[in-house]
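For reference, the structure discussed in these notes is given below.
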Amino acid sequence: MTDQAYNFAYLDEQTKGMIRRAILKGLAVPGYQVPFASREMPMPYGWGTGGVQVTAACLTPEDTLKVIDQGADDTTNAVSIRKFFQRTAGVAVTEATTEASIIQTRHRIPETTLSAGQILVYQVPIPEPLRFLEPRETETRKMHELEEYGLMQVKLYEDIARHGQIATAYAYPVRVEGRYVMDPSPIPKFDNPKLSGSAAIQLFGAGREQRIYALPPYSDVVSLDFDDHPFTASKAAHDCALCGASDSYLDEVITDDAGGRMFVCSDTDFCGGRRAGGHLGALGVAGAL
Amino acid sequence: MGVMDMKLAPPDQAEAPLLSVRDLGKMYGERIGCADVSFDLYPGEVLGIVGESGSGKSTLLSCLAGHLQPDQGQVVFQTATGPRDTVTMAEAERRRMARTDWAFVHQNPRDGLRMGVSAGGNVGERLMAIGARHYGDIRAQAIDWLGRVEIRPDRIDDRPRAFSGGMQQRLQIARNLVTGPKLVFMDEPTGGLDVSVQARLLDLLRGLVREMGLSAIIVTHDLAVVRLLADRLMVMKDGHVVEQGLTDQVLDDPQHAYTQLLVSSVLQV
């Protein structure tokens, strides 16, 4: 049951209205960072205050919420945010990607393809892709306004010059609908192709930086690259040790002090679903779900 | 001024001026930044602007290069599609021009370089800004330009922090000239360098200007620099142009009292 001390989904209705206006503006101008009056939330900055506010503004009593942290449903951040909304909104929660109407995520896109009607909410630490190259906000805004994105390319150039390849592995910059360059939040670049043409609505919330941006369904999202160094979505060159999947993003888990390690799907729901369906990896145990 | 204008016969009368400045003025509140500045700059010509500190020469240069918005006057630049007033054109267009047709060499290389980005990245930035997306091509051009400004190709991945002052300044020049601009603005390009490094830089600049057929506007307080580089000279005092003419003429036979003072103030070794 909803704790009666709180308004539905914690935030007051005026605040939710303000955030919804920012979201609608963001959807109207894909990739553009819309400033909004971010509120203090009962959690520290960097723990997903932006994502939580966006989720709160989108939630209705009929929604089913899923929260993941690095792909997993059972890590601290995911558990505490899920409990937060159970208590303040009383909504149904799930771990199944297909059953959720709203998914709040930290740094991953679920492996299961999202469908129309779903909303994916990203937690964003630093929304400005040009920030580490140009520290002045006045200047970066001007660069977005005038589409001056040569500097973003300089970053990739530096990668190749220093490492022989584009070494940026997460928060890999993308260009949306041929217009705005956008930070996709620190998702691995393995997930970048899933940003493009998704049937779901994708919303990005940065609480500390007070910015919201969005990708409407079926947006065209292109990862930046060079003609002779094209973008590649990379992952560890292994199969999942538990479910045997060869096409999912993997976490490396250290198993002992003697160099032992295993690679497992970072998306726990995807991995569990495969094991329940009879797929088994090298270290997997049948029926381990 | 009538007599003065006749002396300033441009190199080729049939050619249209590359830059045509009329009645340019900039006020800082009650104080004059620069006022009533008018001149024409023809393709391939180098114009020196000299004057003491606070005479308005840097203000003038900033207004010409679009870094400052002048209060009045016109700055008409001969673009590929005909003459355009850069004061009234849209900012997007002006900034695009600043990346392609213009170059700006700052006195302090730190203002003109990205200190956290390698030499190659610094040179390549303008190429990437105008759409170059082939890493190999960009790098080849960067190496070519480092060579032209006498920086060894094996320094391409070093950051400017690891360079000497003279090298930083040469890198800044390479970074600016890589897109083949028509007009270069230079603000005290040799300031803060010791004399032997200055001499080599001047030699390099003179070669590049001639080789690429660049037009340049050089602001300096160093009369030796303009003697070497500039075809024409403008002397500024208190925001006004007090004398202009051919460089040798102005320096050897200064007419205005202030120019006479300026020329006679140069220390002889």
Side-chain angles (χ1 to χ4, degrees), chain A residues 29 32 126 128-168 171-176 178-181 189 192 220-232 234, chain B residues 66-67 69 89-100 102-103 110-143 145-146 151 153-162 171 174-176 178-179:
Chain A
V29 193
Y32 171 72
I126 294 170
E128 178 52 73
L130 301 162
R131 176 61 68 241
F132 291 110
L133 302 155
E134 173 54 66
R136 289 167 295 181
E137 175 75 11
T138 48
E139 186 65 19
T140 52
R141 281 205 200 187
K142 188 129 274 175
M143 290 160 82
H144 283 295
E145 176 193 341
L146 302 176
E147 290 185 65
E148 291 184 0
Y149 291 133
L151 197 53
M152 200 74 248
Q153 217 71 29
V154 171
K155 180 180 185 288
L156 302 179
Y157 170 94
E158 288 290 287
D159 262 10
I160 304 174
R162 207 161 303 157
H163 307 290
Q165 57 178 347
I166 298 177
T168 303
Y172 192 103
V174 294
R175 189 143 193 197
V176 180
R179 179 58 181 87
Y180 285 98
V181 164
K189 68 177 172 182
N192 269 24
D220 179 36
V221 180
V222 177
S223 303
L224 301 180
D225 60 4
F226 285 100
D227 296 343
D228 49 346
H229 283 82
F231 170 82
T232 49
S234 62
Chain B
H67 297 174
Q69 182 72 23
M89 75 167 41
E91 191 181 9
E93 210 178 342
R94 188 162 56 231
R95 281 173 65 129
R96 193 173 314 125
M97 216 157 67
R99 288 199 301 267
T100 52
W102 295 352
R110 258 166 301 199
D111 297 334
L113 291 174
R114 297 200 182 271
M115 298 307 278
V117 169
S118 72
N122 265 296
V123 177
E125 180 176 344
R126 275 171 76 114
L127 293 171
M128 292 182 247
I130 58 170
R133 290 291 179 270
H134 191 282
Y135 175 79
D137 291 351
I138 293 166
R139 200 162 168 87
Q141 284 215 49
I143 288 174
W145 266 99
L146 290 182
I151 296 174
D154 62 354
R155 303 296 303 269
I156 187 170
D157 292 332
D158 290 350
R159 298 190 180 183
R161 260 187 260 284
L171 180 62
R175 169 184 161 92
N176 271 288
V178 67
T179 47

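Below, read A as the first sequence line, B as the second, and so on, with proteins coming before strands; counting in each chain starts at 1.
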Looking at [atom1] of [X] and [atom2] of [Y], how far apart are the two atoms once the value is rounded to the nearest 0.5 Å?
X        : Y        : atom1 : atom2 : answer
B:Arg159 : A:Arg162 : CZ    : CZ    : 4.0 Å
A:Glu145 : B:Glu91  : CD    : CD    : 6.5 Å
B:His134 : A:Asp228 : NE2   : CG    : 3.5 Å
A:Leu146 : B:Arg96  : CG    : CZ    : 8.5 Å

Practice prompt. Report yes or no: does B:Glu125 contribute a side-chain atom to a donor-acceptor pair with the main-chain N or O of A:Gly150 at less than 3.5 Å?
Written response: no
Quick check on [X] against chain A: is it the side chain, the backbone, both or neither that has a heavy atom closer than 4.5 Å?
X        : answer
B:Ile138 : side chain
B:Leu127 : neither
B:Arg114 : side chain

Discussion item. Ignoring hydrogens, what is the shortest heavy-atom contact between B:Met128 and A:Val154? Give both atom names and the distance.
Written reply: SD-N, 3.7 Å
Worksheet entry | Considering all heavy atoms, the nearest B:Gly121-A:Tyr157 contact | N-CE2, 3.2 Å
Residue [X] versus chain B: region with a heavy atom under 4.5 Å:
X        : result
A:Glu147 : neither
A:Gln153 : both
A:Leu156 : neither

Worksheet item: Below 4.5 Å, heavy atoms only, C-beta onward: do A:Met143 and B:Arg95 meet side chain to side chain?
Response: yes
Discussion item. Side chains of B:Arg139 and A:Ile160, heavy atoms from C-beta outward: is any pair under 4.5 Å?
Written reply: no
Discussion item. Within the supplied structure, the quantity of interest is the number of heavy atoms (other residues, nucleotides, ligands) at a distance under 6.0 Å from B:Arg110 CZ; does it exceed 12?
Written reply: no
